[in-house]
Each structure stands twice: as C-alpha cells, then as structure tokens.
Visitor: 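My questions will all concern the structure given below.
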Amino acid sequence: MHTLLPEVVRRVAAWCLVVLLVAGVAGVGVWLCTVLKTAVTPVLLALLGTALLGPLYRRLVKMRVHRSLAAGLTCAAVLAVVGGATYIVVAALIDTGDQIISSLKNAAGDLSKHFGAAGTSLEDLASNSKDLLGKFGGTAASGVVSGISVVGEMIATAVLALLLVFFFLRDSHKTAGALRSLVPASSADTVEAMARRAFTAVEGFMRGTTFIALIDAVCITVGLLILRVPGAAGLGALVFVGAYIPYLGAFLSGAIAVLVALADRGLAIALWALGVVLAVQVLEGHVLQPMIQSRTVQMHPAVVMLAITAGASVAGIIGMLLAVPLTAAAFGVVSELRARYGASAPPASPTAPSTAPPGSGPAPGDAS
C-alpha cells in the first residue's frame with residue numbers, strides 16, 4: 001500500500017509521526033514534572049546550583065582538598081553568599097517597599113488625570129500589588145493555602161536543594177560512569193556528549209546571568225542614587241532578581257523604576273531614569289551578553305519569551321526561572337546531535353556512477 005503514495009507524502013507522514021512522538025514524550029515528561037514538582041523542583045534547583053558552583057569546587061579539588069570537604073566548603077560559601085544577598089535584597093525591599101508602592105500610587109494618580117479610566121485601573125493595580133503578587137506566586141505552589149505552609153515549603157525545598165548540591169558536587173566525577181552504565185554501549189559516547197553539552201550550556205547561562213545581573217543592578221542603583229530617586233536600593237534589588245527572567249524581568253523592574261522617578265521627581269527626572277535603564281539594557285545586549293555568554297548556547301529572544309511563557313503556565317514563578325536554563329540545555333543537546341549526525345553522511349559525488357555491476361572492483365587508475 002505504501003507504494004501507492006508519492007515519495008514526498010511518505011516523507012511528510014514519517015516526519016509528522018516523529019513530531020507527534022516527540023511531542024507526546026515531551027508532554028508526558030512535563031506532566032510528570034508537574035505532578036511530582038515537590039521532588040523535581042529541588043533537583044532542578046540543585047542542578048542550577050551545581051552548574052554555578054562547579055568552578056569553585058573544581059578549584060578546591062585541584063588544591064588537593066578532599067572531595068567531601070570541598071563540597072561542604074562550597075555549600076557553606078554559597079549559603080553565606082546567598083543568605084547575605086537574600087538579607088540585603090529583603091531588607092532593601094522592606095525598607096523601601098512602602099515608599100515604592102506609595103510612589104506607584106502617586107504615579108497612577110498623575111496618569112489617571114490624563115488617561116482617565118486607564119489611569120484608575122493602574123492605581124488599583126498599584127494599591128493591590130501585594131494581593132496580585134500573592135495570587136501570581138500561588139500558581140507556583142498549587143495546593144498550598146496558608147502563608148505559613150508556603151514559607152515552610154520554600155525552606156524545605158531550599159534545604160533539600162542544598163543537600164543535593166553537596167552530593168552532586170561530591171560525586172560529580174562518577175556522573176559519566178553512572179550515565180554510561182544506564183544506556184547501551186553503542187550509544188554511551190553520544191549520551192555522555194549530550195549530557196556534557198547540556199550541562200555546559202546551563203553552567204554558562206548561570207554564571208553569565210549572575211554576573212550580568214550584578215552589573216545591571218549596580219549600574220541602575222548608582223544612576224538612581226545620582227538622580228536622587230527614592231528607594232534606589234530596593235529598585236536595584238528588583239533589577240538583580242528580575243535579571244534571572246530575561247527580557248521580562250528587566251522590563252518590569254525598569255518600568256517600576258521609571259514610575260517611581262515620575263511620581264517623586266517629576267517628568268524630567270523620570271526621563272533621565274528611563275535613559276539610565278535603556279543605557280544599561282543597551283550595554284547588556286550589545287556588550288555584556290556577547291562578551292560573557294559568547295560560549296554558551298545563543299537563543300533568539302522570541303524563543304526565550306516563548307520559554308518563559310510556557311514555564312509560567314506550567315509552574316508559575318518557579319517555571320519562569322527554570323524555563324530559560326532548561327531551554328538552553330535542550331539547545332545544547334540539539335547542537336551536539338547536529339554536530340555529530342548533521343554531516344555524518346556526505347553527499348555522493350555527482351560524477352560517481354550510479355549503477356555498478358555487483359562485484360566489480362575499482363579501475364586500475366582509481367587506486368590511491
């Protein structure tokens with residue numbers, strides 16, 4: 001029966017079958033991750049932490065520090081750094097949060113005089129920002145009702161992720177052997193190369209994003225301090241946290257900074273604040289990104305935005321944070337497969353004879 005169909009139709013049907021199978025496997029994987037997100041989320045966060053802390057751990061191992069001690073010191077260092085950074089960010093947001101919200105209300109009031117109903121809805125959004133944030137964050141923790149449960153789940157997830165980071169770092173030298181033992185020997189090299197390329201992409205993304213986020217936050221904070229915009233420290237903290245959600249986080253944090261400047265310092269200062277935000281974004285897009293993340297998987301902004309949207313629909317804020325590094329890992333796997341199999345079958349020479357009798361050897365003049 002298949003001979004009745006043209007060759008083009010058979011190829012299209014084969015590709016459609018492959019796409020359906022891949023989409024089905026991916027859909028089942030996403031469904032399992034959603035159902036088991038209490039266990040999957042710490043593992044993914046631990047992988048991101050391992051990618052970020054890998055260079056420090058390897059440096060300690062090269063200094064002949066025992067692997068367990070090196071992993072423990074690395075986790076202690078990250079606990080101190082992350083704890084200190086979290087304290088600074090939370091303290092800055094607490095100290096300036098009311099001032100920022102008040103400024104947003106004033107900005108909404110000013111805008112409502114010119115835009116009517118649109119400004120009124122913006123004022124309502126500013127006055128109910130905490131409730132909206134709570135509702136949005138609730139999508140990342142379905143089934144959790146009380147605030148105490150949310151805090152407890154976050155602490156448990158963080159502790160479990162930190163313990164997994166310790167074990168991932170300590171046993172990182174066994175990963176390749178364990179991975180090869182799970183797959184057929186004929187595919188072991190390919191699977192190992194794919195895993196290495198995916199982890200390298202995630203590692204580069206995490207290190208580059210952290211460094212870029214720090215530069216963005218420092219530059220914008222200094223600019224807002226020079227312009228004497230209230231809540232500059234809290235706005236800089238928002239910029240740092242938002243940088244882990246590419247494009248969308250920078251847009252939201254920059255918009256908040258401009259609105260605060262508009263409310264408290266007037267239109268002229270707001271335009272200067274907008275110039276600072278745009279200058280930092282231009283610096284990031286044209287200088288920092290090419291220089292810092294030049295060795296990682298480069299993704300089109302449209303792909304990044306689609307990944308963030310899909311992550312938000314699946315797991316809320318956690319999904320938005322994990323979507324881009326996971327997409328980078330997927331791109332790394334695809335590039336490794338393309339490098340291995342894309343040129344594996346070179347096209348035949350057009351001058352080569354297409355019909356040669358069986359058993360006929362090469363011409364005497366062809367031997368080389």
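All figures in this text were calculated on a predicted structure; none of them were measured in a lab.
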Visitor: Could you give the distance from CD1 (Ile155) to CG (Leu160), rounded to the nearest 0.5 Å?
Guide: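 Ile155 CD1 to Leu160 CG: 13.5 Å, rounded to 0.5 Å.
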Visitor: Please report the interatomic distance OG(Ser68) to CG(Leu169), rounded to the nearest 0.5 Å.
Guide: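 One finds 11.0 Å between OG of Ser68 and CG of Leu169.
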Visitor: Go through it in stages, so that I can follow the logic: the residues are Lys62 and Arg59, the test is side chain to side chain contact (heavy atoms under 4.5 Å, CB included), and I'd like the CA-CA distance, side-chain angles, deciding distance and then a yes or no.
Guide: CA-CA 5 Å; Lys62 288 181 180 180; Arg59 180 169 298 183; 5.7 Å; no
Visitor: So which atom in Val43 and which in Phe168 form the shortest heavy-atom distance, rounded to 0.1 Å?
Guide: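 Smallest heavy-atom distance, with atoms named: O-CE1, 4.2 Å.
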Visitor: Thr190 versus Leu337: any side-chain heavy-atom pair under 4.5 Å?
Guide: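 Yes, at least one pair of side-chain atoms sits under 4.5 Å.
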Visitor: Check whether any side-chain heavy atom of Val303 sits under 4.5 Å from a side-chain heavy atom of Phe331, and report yes or no.
Guide: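 The answer is yes, as the side chains (C-beta and beyond) meet within the 4.5 Å cut-off.
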Visitor: With a 4.5 Å limit on heavy-atom distance, are the side chains of Leu73 and Leu56 in contact?
Guide: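 Leu73 vs Leu56: side chains apart.
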Visitor: What is the distance from atom CG of Leu45 to atom CG of Leu162, rounded to the nearest 0.5 Å?
Guide: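 Atom-to-atom, Leu45:CG and Leu162:CG are 11.5 Å apart.
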Visitor: In this structure, would Val282 and Ile212 fall into the same cluster of hydrophobic residues linked by side-chain contacts under 4.5 Å?
Guide: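 In one cluster: no.
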Visitor: Please report the closest heavy-atom contact between Ala307 and Ala323, naming both atoms and the distance.
Guide: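 So the two residues come closest at O-CB, 3.1 Å.
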Visitor: When rounded to the nearest 0.5 angstrom, what is the spacing between OG1 in Thr210 and CG in Leu52?
Guide: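 One finds 4.5 Å between OG1 of Thr210 and CG of Leu52.
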Visitor: Same cluster or not: are Leu60 and Phe166 linked, directly or through other Ile, Leu, Val, Met, Phe, Trp or Tyr residues, by side-chain heavy atoms under 4.5 angstrom apart?
Guide: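 Hydrophobic grouping puts Leu60 apart from Phe166.
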Visitor: Testing the basics here: between Ala213 and Ala243, what is the closest heavy-atom pair and its distance to 0.1 Å?
Guide: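 Distance-wise, the nearest heavy atoms are CB-CB, 3.3 Å.
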Visitor: Show the numbers, then the answer: is there a side chain to side chain contact (heavy atoms under 4.5 Å, CB included) between Val276 and Leu224?
Guide: CA-CA 8 Å; Val276 170; Leu224 296 179; 5.6 Å; no
Visitor: With rounding to the nearest 0.5 angstrom, report the CG to CG distance, Asp216 to Leu283.
Guide: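 Answer for the CG-CG pair, Asp216 versus Leu283, is 7.5 Å.
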Visitor: In Å and rounded to the nearest 0.5 Å, what is the CG to CG distance from Leu48 to Leu53?
Guide: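 So the gap between those two atoms works out to 10.5 Å.
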Visitor: For Ala273 versus Ala261, what's the shortest heavy-atom pair and its separation?
Guide: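 That would be CB-CB, 3.8 Å.
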Visitor: If we only count heavy atoms from C-beta on, is the Tyr57 to Thr50 side-chain gap below 4.5 Å?
Guide: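 SC-SC contact between Tyr57 and Thr50 ruled out.
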Visitor: Please answer: with hydrophobic residues joined when any side-chain heavy atoms are less than 4.5 Å apart, are Leu32 and Val40 in the same cluster?
Guide: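 Result: yes, single cluster for both.
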Visitor: Less than 4.5 Å apart, side chain to side chain, heavy atoms only: is that true for Arg10 and Glu7?
Guide: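 Result yes, sub-4.5 Å side-chain heavy-atom pair found.
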Visitor: Is any side-chain heavy atom of Glu203 less than 4.5 Å from a side-chain heavy atom of Pro55?
Guide: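 The answer is yes, as the side chains (C-beta and beyond) meet within the 4.5 Å cut-off.
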Visitor: Is atom CZ of Arg180 surrounded by more than 12 heavy atoms (other residues, nucleotides or ligands) closer than 6.0 Å?
Guide: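 Yes, CZ of Arg180 has more than 12 neighbouring heavy atoms, counting only those of other groups under 6.0 Å.
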Visitor: Applying a strict under-4.5 Å side-chain criterion to I, L, V, M, F, W and Y, I'd like to know whether Val333 and Val19 cluster together.
Guide: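 Different clusters: Val333 never reaches Val19 through Ile, Leu, Val, Met, Phe, Trp or Tyr contacts under 4.5 Å.
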Visitor: Side chain to side chain contact (heavy atoms under 4.5 Å, CB included) for Val229 and Ile269? Distances and angles first, verdict last.
Guide: CA-CA 8 Å; Val229 175; Ile269 299 298; 4.2 Å; yes
Visitor: What pair of heavy atoms forms the shortest contact from Pro325 to Phe205, and how long is it?
Guide: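 Heavy atoms only, the tightest pair is CD-CE2, 3.6 Å.
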Visitor: Side-chain heavy atoms nearer than 4.5 Å, only ILVMFWY residues, links allowed to pass through others: does that put Val22 and Val12 together?
Guide: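 No.
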Visitor: Which heavy-atom pair separates Val165 from Cys75 by the least distance, and what is that distance?
Guide: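 Here Val165 and Cys75 meet closest at CG1-SG, 4.0 Å.
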Visitor: Out of Val202, Thr209, Ile308, which one pairs with Val324 under the side-chain contact (heavy atoms from CB on, under 4.5 Å) rule?
Guide: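 With Val324 as partner, side-chain contact (heavy atoms from CB on, under 4.5 Å) holds for just one option, Ile308.
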Visitor: Would you mind reporting whether Val222 and Val218 have side-chain heavy atoms less than 4.5 Å apart?
Guide: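 Result yes, sub-4.5 Å side-chain heavy-atom pair found.
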